[in-house]
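Step one of this worksheet: look at the structure below.
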Amino acid sequence: MNQALKNQLSVSTEPLLRVRDLSLLYGLEKGCQDVSFDLYPGEVLGIVGESGSGKSTLLSLLSGRLPPQRGNIGYRDKQGQWLDLYSASEAERRTLLRTEWGFVEQNPRDGLRMGVSAGANIGERLMAQGVRNYQQLRGAGLDWLSQVEIDPQRIDDLPRTFSGGMQQRLQIARNLVSSPRLVFMDEPTGGLDVSVQARLLDLLRGLVRELDLAVVIVTHDLAVARLLADRLMVMRRSRVVETGLTDQILDDPQHPYSQLLVSSVLQP
Amino acid sequence: MNDLSQAPVRDAAYNFAYLDEQTKRMIRRALLKAVAIPGYQVPFGGREMPLPYGWGTGGMQLTAAILGDDDVLKVIDQGADDTTNAVSIRRFFARTAGVATTESTPDATVIQTRHRIPETPLHADQIMVYQVPIPEPLRFIEPSETETRTMHALNDYGVMHVKLYEDIATFGHIATAYAYPVMVDERYVMDPSPIPKFDNPKLDMSPALMLFGAGREKRLYAVPPYTKVTSLDFEDHPFEAQKWEECCAICGSRDSFLDELILDDAGTQSFVCSDTYYCAQRVSQQEQGQ
């Protein structure tokens, strides 16, 4: 094995995100507690569980939006430096959120600027990073619209003239334009009908593999998890009850709750 | 108009310049902070003034706080000395402070303005006071005040260019014609009040002190003399001030800011200087020359 390949391997065997004993409780078993895991570059981690099990709280903690009561999150940045998320300054956290990270909201209206055109939505992160060339921003907008299968001619249309599926794809483009390394997704296919869901999942799967993204995806839909996630964490009443490879958990669940969850999926 | 330029009599029923001394002191303290941090919006305890918000209450409070016995006050509204707002504010300070008023730009020590910077170059011992309707340049894109303050604090100004991008995408050029955002001293993004972008270059390295007051929002900010003020733009769409093909119909000026007048129902246009003092000066010079 040559040296370069060896280096590459050793880099990708070091985790991107290191989470230890993360807890935030709003009440007894409300919120999330004692969550620890490592996330590796290019890995897709699914978090599944019923409503109120603490999935979204965990995602907010992970993405730096909500300080935890206990525990810490380490992130290894592009330079290979470890950064403790909640002891870093707010400026550093914000920079991270708009450069190396992305966040895809369940409702695209929360993640998009509805008052400005699709092109401006896509270009915003680049402008925040200091790109001051209109042609370059325009080019990135056109390129990303076609990557998420939206007609590039609609670059100057407002997001509110887009369908729900298109808005969600626009939100994904807006996040991916800065080539992030880690993307958080909160039920990205939540409000969409089944055929649109399938297309979006197909697109997401392609982009994730192509760009080698690490993704933390929260979903209550096991089919979404099966299609996208490499690894699953099953949450129930604020705790992680089972964790393992996706196929392993879905085909051979060990914890009684996981078994219940898997068996309760409707088979058409 | 002429009776205003003669020494007026102060109405002794009012404290000097209407506001009480404690209020003026409070505003001066805020002004010192604003001058120390160019472009930063300083909150102040805005008082009720005897005219409605939107008519220049912010500017009037600053003027009241900085006015002294020997000051000479000029007030302009859209460049004109003789419009309602300008006349009533000038009369207000003539009555409550007894200060001398003038229409002459070089003679004034304090110039309160709504939406213009005089064409005549300012000099070092002058203070410009701007009446500001919306002090927050980020407001159009971010409705939350806590969020905009954080953005200022963290130098998080990426969204400012979103508006300019939208302009170019819609109109092919940066169509923002007034309240054109500027970067002050390479740190704070500032709304220069609704002056036309024509006046933006006059802010840069100006020898005069610039004070901005927003009465409704209770914010004031400042640009100290000789401060770098740059208008935001794109590399391939640089900042450009307005230009006219016409010249002023009265004085023939080709390099002042022109107002468009519609003369009849057929839409016949005429252009005149918005700065009335500048225009009148040029006309009298031309008459003398003849």
Side-chain angles (χ1 to χ4, degrees), chain A residues 64-65 67 88-102 109-142 144-145 152-161 170 174-175 177-178 180, chain B residues 37 40 134 136-176 179-184 186-189 191 197 200 228-240:
Chain A
R65 296 176 162 194
S89 71
E90 192 176 353
E92 282 177 294
R93 264 207 301 279
R94 274 181 179 237
T95 312
L96 209 56
L97 258 171
R98 65 169 184 238
T99 54
E100 298 190 19
W101 290 10
R109 279 160 193 274
D110 298 336
L112 291 173
R113 286 195 193 279
M114 297 305 283
V116 300
S117 69
N121 266 291
I122 295 179
E124 185 184 329
R125 272 172 168 246
L126 296 177
M127 292 185 237
Q129 285 173 27
V131 175
R132 293 287 176 264
N133 188 307
Y134 178 76
Q135 282 310 324
Q136 200 180 330
L137 293 165
R138 194 78 179 162
L142 292 168
W144 270 99
L145 281 180
Q153 289 193 347
R154 302 207 55 183
I155 186 165
D156 293 330
D157 293 350
L158 291 181
R160 84 167 76 89
T161 66
L170 180 62
R174 172 184 156 90
N175 274 288
V177 67
S178 63
Chain B
I37 319 172
Y40 173 74
I134 301 170
E136 180 53 77
L138 298 162
R139 180 65 69 236
F140 75 97
I141 202 125
E142 183 50 67
S144 154
E145 176 68 22
T146 35
E147 180 60 22
T148 53
R149 279 198 220 181
T150 317
M151 288 161 88
H152 282 296
L154 300 179
N155 208 344
D156 189 2
Y157 289 133
V159 291
M160 279 317 298
H161 279 79
V162 170
K163 171 134 197 298
L164 304 181
Y165 172 96
E166 280 292 270
D167 267 3
I168 304 175
T170 319
F171 305 107
H173 60 99
I174 299 177
T176 303
Y180 192 105
V182 292
M183 175 67 90
V184 179
E186 292 169 0
R187 176 59 185 85
Y188 283 101
V189 166
D191 185 341
K197 66 177 169 185
N200 273 17
K228 200 173 161 192
V229 178
T230 37
S231 306
L232 303 182
D233 59 3
F234 285 108
E235 288 161 1
D236 43 353
H237 287 267
F239 170 81
E240 216 172 53

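Heavy atoms of A:Arg125 lying under 4.5 Å from chain B are absent altogether. Proximity to chain A (any heavy atom under 4.5 Å) is shown, for B:His161, by both the backbone and the side chain. For a residue to count as touching a neighbouring chain, one of its non-hydrogen atoms must lie under 4.5 Å from one of that chain's; by this rule A:Ile155 touches chain B with the side chain only. At a 4.5 Å heavy-atom cutoff, the contact between A:Asn133 and chain B is made by backbone and side-chain atoms alike. With a 4.5 Å cut-off on non-hydrogen atoms, A:Gln129 does not touch chain B at all.
Residues B:Leu164 and A:Met127 are not in side-chain contact: their nearest non-hydrogen atoms beyond the backbone lie 4.5 Å or more apart.
A:Arg138 approaches B:Ala169 most closely through the heavy-atom pair NH1-CB, 3.7 Å. Closest of all the heavy-atom pairs between A:Arg132 and B:Asp236 is O-OD1, 4.2 Å. The two residues A:Ser117 and B:Tyr165 make their nearest non-hydrogen contact at OG-CE2, 4.0 Å. In terms of heavy-atom proximity, B:Phe234 sits nearest to A:Tyr134 at CD2-N, 4.0 Å. Taking all atoms of both residues into account, the shortest heavy-atom contact from A:Ala120 to B:Glu166 is CB-OE2, 3.4 Å.
Taking a 6.0 Å sphere around CD of B:Glu240, one finds it holds 12 or fewer heavy atoms contributed by other residues, nucleotides or ligands. Heavy-atom neighbours of A:Arg93 CZ from other residues, nucleotides or ligands within 6.0 Å: above the threshold of 12. Atom CD1 of B:Ile134 sits in a sparse spot, with 12 or fewer heavy atoms from other residues, nucleotides or ligands closer than 6.0 Å.
Once rounded to the nearest 0.5 Å, the distance linking CD1 of B:Ile168 with CD of A:Gln135 reads 9.0 Å. Separating the CD atom in B:Glu142 from the CZ atom in A:Arg113 is a distance of 6.0 Å, to the nearest 0.5 Å. The CD atom of A:Glu124 sits 6.0 Å away from the CD1 atom of B:Ile141 when rounded to the nearest 0.5 Å.
For the set B:Leu232, B:Asp156, B:Thr170, B:Asp233, the entry with the most heavy-atom pairs within less than 4.5 Å of chain A is B:Asp156.
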